[in-house]
Every structure is written in structure tokens, then in C-alpha cells.
Amino acid sequence: MPTDLEAFSTWRGGSEAPESGWSGSSILATGNPKSDIMIVTDVPDRDDAESGTLLSGAAGRLFDRMLAAIGRDRSSVYIAPMCTIRPVAGRIAPEIEQRLGELIRHHVAIVEPKRLFVLGNAPSRALIGADVPRARGRLQWVNVEVGQSGKSIAVEAVASFHPRLLLERPAEKARAWKDLQMLIAGLGA
């Protein structure tokens, strides 16, 4: 896989990507790749597929409010999907989850953020090794290898609920707020 961000992004949107044969358009990472925070989500939502932007629609409006609450906006973070095309079922199938997990770990290694904000169970399993309910509530270390160099880096990660789940279960917003506070603690605005 390419170890340069531009080449990797081109590859992720190209014909060799695991989801390239699916119907729909690829929605690639957005924002500032030099940010100290990289946000990883699972799949584009239905609204995202229509708008061509990750985290749009009602979930996106909530996401924007979450960022604003910690003094950030989309231009001050880097947002990457684990899967670039929305699967028909709306979630990542078990038979492709491992491969997409390898790709998001590679993506993290290229970007080298200070912190990861991991939204949802599939990205949490891929990066932290546990679903959100077991992984959230504390900083986790994620070790990733950079290309074939053998260089390994460790990145702090905070697992939390995806905004779409927070819309379905508003009671979880208090826990998500604690996750956001943990995410920015010690980083500065």
C-alpha cells in the first residue's frame, strides 16, 4: 500500500480498494491531515452518500455541535471513514471488517495524529480491539506500523458513540461529552 497520504487517498478511491466493486461513490477522508486529532468513523451514512460529505444530515449537525463544544470545527480535525462506500446493509460485513481494519490502521500510521477519536464499534474493534461500551471511558494506546519500514508509532485513542447512535439514544450524550473532554485534555484548542 502507498505510504504517502496523497497516493494512499488515490488508492483508497481507486479500483484496487476492497469496496471498489460496490455501487456508490467513494467518500474519502476530509479535513486537515496535519491536525492533532484524527476522527475515524465506520461507513458513510445514507445522507453522506447523497451529499458526498462524511457525517452530514442530522448526525452531521450533531457532530458539528460536538466539535464546537470542544472549540473545534471540521477544518481543525481530520475525518476518515473505515469504509469509503456505504454498504447496502449500512454496516461493515464481518468478512471485510478485518481488511478494512488493516487499511484504517495504515491510514493512521501515515497521518500520525496525536489522538484518535474513534466513533462506533467497527472502528473501535479495528483500532482498540473492543466494542465501544468496553473501550470507552479511558485513553487507549493504539500501536501502528508505518509502511514496510518497520517503524512503529503509538497513538492515544478515545472510543465513543457514533452521532447516529446518540440521536437514537440521547441519554448517552452525557457519556459522549465525557469522551470529548478526555479527547481534548492536554491537547490545547
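When a residue number appears, it is its place in the shown sequence, counting from 1. This one's a predicted model, so the numbers in the text were calculated from it and none came from an experiment.
- Judged as a side-chain hydrogen bond (donor to acceptor under 3.5 Å, both in side chains), and not counting sequence neighbours, Thr30 has no contacts.
- Contact of the Thr3 side chain with the His106 side chain is registered, since non-hydrogen atoms from C-beta on lie closer than 4.5 Å.
- No more than 12 heavy atoms of other residues, nucleotides or ligands sit less than 6.0 Å from atom CD of Glu6.
- No more than 12 heavy atoms of other residues, nucleotides or ligands shown are found within 6.0 angstrom of CZ on Arg91.
- Here the side chains of Met1 and Ile110 are not in contact, with every heavy-atom distance at 4.5 Å or above.
- In plain terms, the two heavy atoms of Pro123 and Gly120 that are nearest each other are CD-O, 3.5 Å.
- Atom CZ in Arg12 sits 5.0 Å away from atom CG in Leu103 (nearest 0.5 Å).
- The closest side-chain heavy-atom distance from Pro133 to Asn121 is below 4.5 Å.
- Here the side chains of Leu139 and Val158 are in contact, with some heavy-atom distance below 4.5 Å.
- The two residues Ala122 and Asp42 make their nearest non-hydrogen contact at CB-CB, 4.4 Å.
- For the atom pair Glu95 CD and Leu100 CG, the distance stands at 10.5 Å (nearest 0.5 Å).
- The line from CD of Gln98 to CD1 of Ile96 is 11.5 Å long, rounded to the nearest 0.5 Å.
- Atoms OG and CG, on Ser75 and Leu67 in that order, are 9.5 Å from each other to the nearest 0.5 Å.
- The minimum heavy-atom distance between Ala59 and Pro163, with the atom names listed, is O-CB, 3.5 Å.
- Ala157 approaches Val118 most closely through the heavy-atom pair CB-CG2, 4.3 Å.
- Counting only heavy atoms from C-beta outward, the side chains of Ile39 and Phe63 approach each other to under 4.5 Å.
- Closest approach of Ser124 to Ala130, counting heavy atoms only: OG-O, 2.5 Å.
- One finds a salt bridge joining Asp131 and Arg125 here, because a Lys/Arg side-chain nitrogen approaches an Asp/Glu carboxylate oxygen to under 4.0 Å.
- Here the shortest heavy-atom pairing between Ala176 and Leu166 reads CB-CD1, 3.8 Å.
- The side-chain heavy atoms of Val142 and Ile128, taken from C-beta on, include a pair separated by under 4.5 Å.
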Pair Glu102-Arg99, salt bridge (charged side-chain N to carboxylate O under 4.0 Å, His left out): steps then yes or no: CA-CA 5 Å; Glu102 292 167 4; Arg99 177 65 176 140; 3.2 Å; yes
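- The main-chain N or O of Leu28 is never found under 3.5 Å from a side-chain atom of Ser26 such that the two would form a donor-acceptor pair.
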Could you give the side-chain donor-acceptor pairs of residues 78-86 under 3.5 Å, partners two or more places apart or in another chain?
from	atom 1	to	atom 2	distance (Å)
Tyr78	OH	His107	NE2	2.9
Thr84	OG1	Glu19	OE2	3.0
Arg86	NH1	Pro44	O	3.2

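- Atom OG1 of Thr41 and atom CG of Leu54 lie 7.0 Å apart (nearest 0.5 Å).
- Checked for salt-bridge contact, Arg74 and Asp64 meet the test: a charged N lies under 4.0 Å from a carboxylate O.
- Ionic pairing of Asp47 and Arg164 is not present here: no N-O contact between side-chain nitrogen and carboxylate oxygen is shorter than 4.0 angstrom.
- A heavy-atom distance below 4.5 Å is found between the side chains of Leu119 and Ser160.
- Under the 3.5 Å distance criterion, the side-chain polar atoms of Asp48 are matched with a main-chain donor or acceptor of Leu55.
- Within the structure, side-chain hydrogen bond (donor to acceptor under 3.5 Å, both in side chains) pairs that include any residue of residues 133-142 comprise Arg136-Asp179 (at least two apart or interchain).
- Glu156 contributes atom CD, which lies 11.0 Å from atom CG of Asp36 (distance to the nearest 0.5 angstrom).
- Between the side chain of Arg115 and the main chain of Ala185, a donor-acceptor pair closer than 3.5 Å is present.
- By the 4.5 Å heavy-atom criterion applied to side chains, Val108 and Arg105 are not counted as neighbours.
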